[in-house]
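When reading the values below, keep in mind they use all heavy atoms of this one structure, side chains included, and skip hydrogens, waters and symmetry mates. These numbers were taken from a predicted model, which means no experiment stands behind them. Every chain is numbered from 1 and lettered A, B, ... according to where its sequence line falls, protein lines coming before strand lines.
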Number of protein chains: 2
Amino acid sequence: MGNTPPVGRKVTLSDIAAGCDVSRATVSLVLRGSPLVNKHTRARVEEELRRQGYVYNRAAANLRRRTSSSIALVLNDLANPFFAEFAAGVDEVLGSTGYVTLLGSTSESTERELAVLGSLMEHGPAGIILSPAEGSDAQQLLSAVGTTTPLLLFNREVSGDISACDHWDRLFLDNQHGSRMATEHLIAQGHKHIAFYGGHSNSSSCKQRRNGYAEAMKSAGLRVEPQWLVECIPNRLDAVAQCEQLFNGGTAPTAAVCYNDAVALGLMLGLHQRGLQPGRDFALTGFDDIAEAAVSAPPLTTLAVTPRARGRQAAELIMQRLQEPAAAPRQTIVPVQLLIRDSSSPPHA
Amino acid sequence: MGNTPPVGRKVTLSDIAAGCDVSRATVSLVLRGSPLVNKHTRARVEEELRRQGYVYNRAAANLRRRTSSSIALVLNDLANPFFAEFAAGVDEVLGSTGYVTLLGSTSESTERELAVLGSLMEHGPAGIILSPAEGSDAQQLLSAVGTTTPLLLFNREVSGDISACDHWDRLFLDNQHGSRMATEHLIAQGHKHIAFYGGHSNSSSCKQRRNGYAEAMKSAGLRVEPQWLVECIPNRLDAVAQCEQLFNGGTAPTAAVCYNDAVALGLMLGLHQRGLQPGRDFALTGFDDIAEAAVSAPPLTTLAVTPRARGRQAAELIMQRLQEPAAAPRQTIVPVQLLIRDSSSPPHA
DNA sequence: CCATGCTTTTGGAACGATCCAAATTTACCC
DNA sequence: GGGTAAATTTGGATCGTTCCAAAAGCATGG
């Protein structure tokens with residue numbers, strides 16, 4: 001009954017055509033659910049597809065149709081739960097739209113970033129979602145991705161000459177306002193000596209968060225001492241290490257707005273090591289609302305950014321861009337939400 | 001000087017060939033660094049490639065060569081830091097080998113899993129790394145991925161008739177031994193009434209962990225009361241909710257071996273709500289060593305599984321499989337390491 | 001100048017799908 | 001039955017690359 005499937009080779013549309021005595025064109029129409037084909041033939045073809053275990057070769061179709069069915073997702077740090085959630089959100093939407101996610105992780109290295117983008121571009125993605133590594137250069141990125149593939153910049157601005165990249169869409173968090181809210185909250189709790197702790201002052205998100213902090217301090221008529229602006233690598237380890245800088249001469253702060261949750265959790269450990277109990281002797285806030293923020297001791301007051309929703313949003317934005325390639329570039333700034341927990345109590349009497 | 005690049009269309013190898021007056025075949029040879037081509041011509045072609053901003057179309061090449069340059073990575077829960085780290089490890093190795101990662105996240109849904117696999121298969125990956133959703137059926141998976149694409153099963157066994165899938169490679173954690181070590185540790189601390197908390201008893205990893213626990217209890221001559229085997233969805237939320245089950249009649253346990261860290265952290269919260277202080281009034285252990293395990297209150301005794309290294313290992317295993325498609329299938333069981341922290345102190349006097 | 005062997009280059013047919021214009025079949029009406 | 005319109009099917013070219021066998025170029029030596 002019928003031919004046997006081919007050996008050592010995948011079943012193609014021609015195999016199906018031969019198997020049920022129609023042309024390749026007809027099989028192709030069936031595959032795409034065209035109403036042109038007679039339901040009799042359709043049934044016959046579909047039966048044969050099943051019988052031979054045909055799987056569609058999308059690469060071949062894309063080649064002929066000059067289309068693409070993939071989106072590149074390039075992240076500076078996939079291991080960070082924030083980006084992992086983001087990626088899950090992106091994939092959720094892309095998957096349901098029939099696109100496939102090409103993943104690339106750069107581990108915060110601009111070199112790897114260029115290499116990864118170069119490699120992904122060879123697969124001709126329909127669009128790119130990029131959360132750039134710190135210090136990524138606009139010109140270099142541009143020459144890696146070209147000018148024809150739509151790109152959505154997430155989370156961070158790139159450095160260098162941005163004017164050449166003004167056709168990119170952008171999706172950023174409202175860092176400045178978030179940080180301002182956190183600072184205002186600490187002020188409302190009665191704190192007067194408040195530090196901004198962590199991050200690299202050259203990264204765009206850190207600048208924005210510092211601005212929000214400075215704004216709030218200024219509005220409240222509070223001064224900022226230079227040693228209250230402490231930089232550190234935005235991870236727990238370095239945050240522990242740099243803790244002492246907060247207390248090097250001058251007026252010691254009684255609270256700190258931290259660059260993000262990881263830094264805040266690190267600072268908590270650092271404070272412990274100095275004999276200070278965070279949440280009682282010293283107030284602090286984070287940024288991101290990573291899972292552990294709710295279960296730290298004490299639970300961390302922070303800014304929720306709902307990364308999964310951001311991922312969905314990013315995917316939707318890039319889909320819209322594909323719909324209307326010529327529409328004006330869009331910059332979206334999403335609000336963040338202050339979650340008050342126990343780490344930001346009033347100052348000690 | 002020279003032709004202008006084409007408009008509204010990507011630069012192809014023919015454009016380059018025309019641009020410097022050689023045949024397509026020669027350009028192709030240059031691209032692949034063939035020693036056949038004269039270094040004069042090579043220079044001319046390379047100059048033209050730069051000038052026109054050519055990007056290689058790997059899909060077309062793969063079609064002609066009947067090869068593939070992608071690996072599908074399908075995960076049951078990308079948002080889980082364990083799998084995020086795993087994915088980062090996979091991508092790290094694949095990226096450096098010139099492969100690209102096709103990501104798919106199934107959110108623990110077997111339906112989505114089949115859909116995702118179907119969609120990814122259409123892109124013809126060279127191999128698949130799959131961490132199956134709970135309850136995935138061997139037959140269904142097999143019919144989704146076919147028998148020709150090598151598959152590496154990670155983390156969990158699938159259910160149903162496994163015999164048809166015995167050509168798959170496997171990479172599992174030594175759940176049973178890990179759990180046994182944790183239990184033995186609690187016993188050594190002096191606990192006699194020890195529960196096994198969380199997970200679904202039908203999932204293979206939960207079964208294995210329970211076995212390790214049972215083994216240790218039996219060896220120590222300790223009995224296990226039925227209400228000490230508590231099931232819950234392996235996340236924090238449900239772990240909090242099911243806490244009371246531990247104390248519903250019978251002898252109350254003084255310690256629990258938890259299915260994983262998320263569950264353990266949830267149980268900590270649940271204990272708090274009952275007025276018990278974890279680590280002092282009740283000892284517990286986790287599994288995974290997620291980042292927050294080290295900073296919870298108290299820090300959690302758990303089993304380190306180094307997911308990033310597992311990711312790298314998985315990528316390497318699948319690469320090896322591609323090298324030797326006919327080699328005997330391999331099952332790798334990686335040991336886990338007990339990390340003793342403060343949550344597993346001796347019982348209260 | 002031709003034969004020989006080496007290096008370098010090249011047309012044209014693939015790969016597996018889609019598009020398109022044209023051919024074929026079917027249905028319907030007078 | 002013939003004519004017309006609609007429904008269905010179909011070759012053959014094409015997407016951007018690689019493969020292959022064969023051609024062309026170029027020394028060398030007799």
S.K.: Nearest whole Å is fine: how far is D:dC15 C1' from B:Arg24 CZ?
M.R.: 12 Å
S.K.: B:Ala61 side chain: which of D:dT17, D:dT10, C:dT18 is closest?
M.R.: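 Nearest to the side-chain atoms of B:Ala61, counting from C-beta on, is D:dT17.
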S.K.: Between C1' on C:dC15 and CZ on B:Arg58, what's the gap in Å once rounded to a whole number?
M.R.: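 Atom CZ in B:Arg58 sits about 17 Å away from atom C1' in C:dC15.
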S.K.: Please evaluate the base of D:dT18 for a donor-acceptor partner in the side chain of B:Arg65 within a cut-off of under 3.5 Å?
M.R.: no
S.K.: Looking only at side-chain atoms of A:Thr12, point me to the closest of C:dG16, D:dT8, C:dT8.
M.R.: C:dG16
S.K.: How would you label the contact of B:Ala25 with the nucleic acid (heavy atoms, under 4.0 Å): base, sugar-phosphate, or nothing?
M.R.: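 Base, at least one base atom sits under 4.0 Å.
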S.K.: Under 4.0 Å between a side-chain N or O of A:Asn38 and OP1 or OP2 of D:dT8?
M.R.: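 Yes, because at least one side-chain N or O of A:Asn38 sits under 4.0 Å from OP1 or OP2 of D:dT8.
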S.K.: Report yes if at least one side-chain N or O of A:Arg66 is closer than 4.0 Å to OP1 or OP2 of D:dG16; otherwise report no.
M.R.: yes
S.K.: Between B:Ser23 and C:dT9, does any side-chain N or O lie under 4.0 Å from OP1 or OP2?
M.R.: no
S.K.: Between atom CG in B:Leu63 and atom P in D:dC19, what is the gap in whole Å?
M.R.: 12 Å
S.K.: Using atom CG of B:Leu29 as one end and atom C1' of C:dT9 as the other, report the distance to the nearest whole Å.
M.R.: 9 Å
S.K.: Counting side-chain heavy atoms from C-beta on, which of D:dT18, D:dG16, C:dA17 comes nearest to B:Asn57?
M.R.: D:dG16
S.K.: Looking only at side chains, do B:Asp137 and B:Ser159 share a donor and an acceptor under 3.5 Å apart?
M.R.: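 No - no donor-acceptor pair under 3.5 Å links their side chains.
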S.K.: Can you tell me if the side-chain N/O atoms of A:Ser14 get under 4.0 Å from OP1 or OP2 in C:dA17?
M.R.: no
S.K.: Measure the distance from CG on B:Asn62 to P on C:dG16 and round it to the nearest whole Å.
M.R.: 12 Å
S.K.: Nearest whole Å is fine: how far is C:dT25 P from A:Lys39 NZ?
M.R.: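 From A:Lys39 NZ to C:dT25 P: 22 Å.
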S.K.: Suppose we call two aromatic rings close when their centres sit under 6.0 Å apart. Are A:Phe86 and A:Phe154 close by that rule?
M.R.: yes
S.K.: Give the rounded distance in Å between these two atoms: CG of B:Leu49 and P of D:dT17.
M.R.: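 Rounded to whole Å, this separation is 10 Å.
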S.K.: Touch check for A:Arg32, heavy atoms < 4.0 angstrom, all strands: base, sugar-phosphate only, or nothing?
M.R.: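 The residue A:Arg32 makes sugar-phosphate contact but no base contact.
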S.K.: Of all the choices, C:dA17, D:dT18, C:dG16, which nucleotide is nearest to the side chain of A:Arg9 once you look at every atom?
M.R.: C:dG16
S.K.: Is it the case that the side chain of A:Arg32 and the backbone of A:Val27 share a donor-acceptor pair, with hydrogens and angles ignored and the cut-off at 3.5 Å?
M.R.: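 No: the side chain of A:Arg32 does not pair with the backbone of A:Val27.
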S.K.: Would B:Arg308 and B:Glu92 pass as an ion pair if we require N to O under 4.0 Å?
M.R.: yes
S.K.: Taking the side chain from B:Arg321 and the backbone from B:Gly127, do they hold a donor-acceptor pair closer than 3.5 Å?
M.R.: no
S.K.: Considering every strand and a 4.0 Å limit on heavy-atom distances, what is the contact class for A:Thr26: base, sugar-phosphate, or nothing?
M.R.: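 If one applies the 4.0 Å heavy-atom cut-off, A:Thr26 turns out to touch a base.
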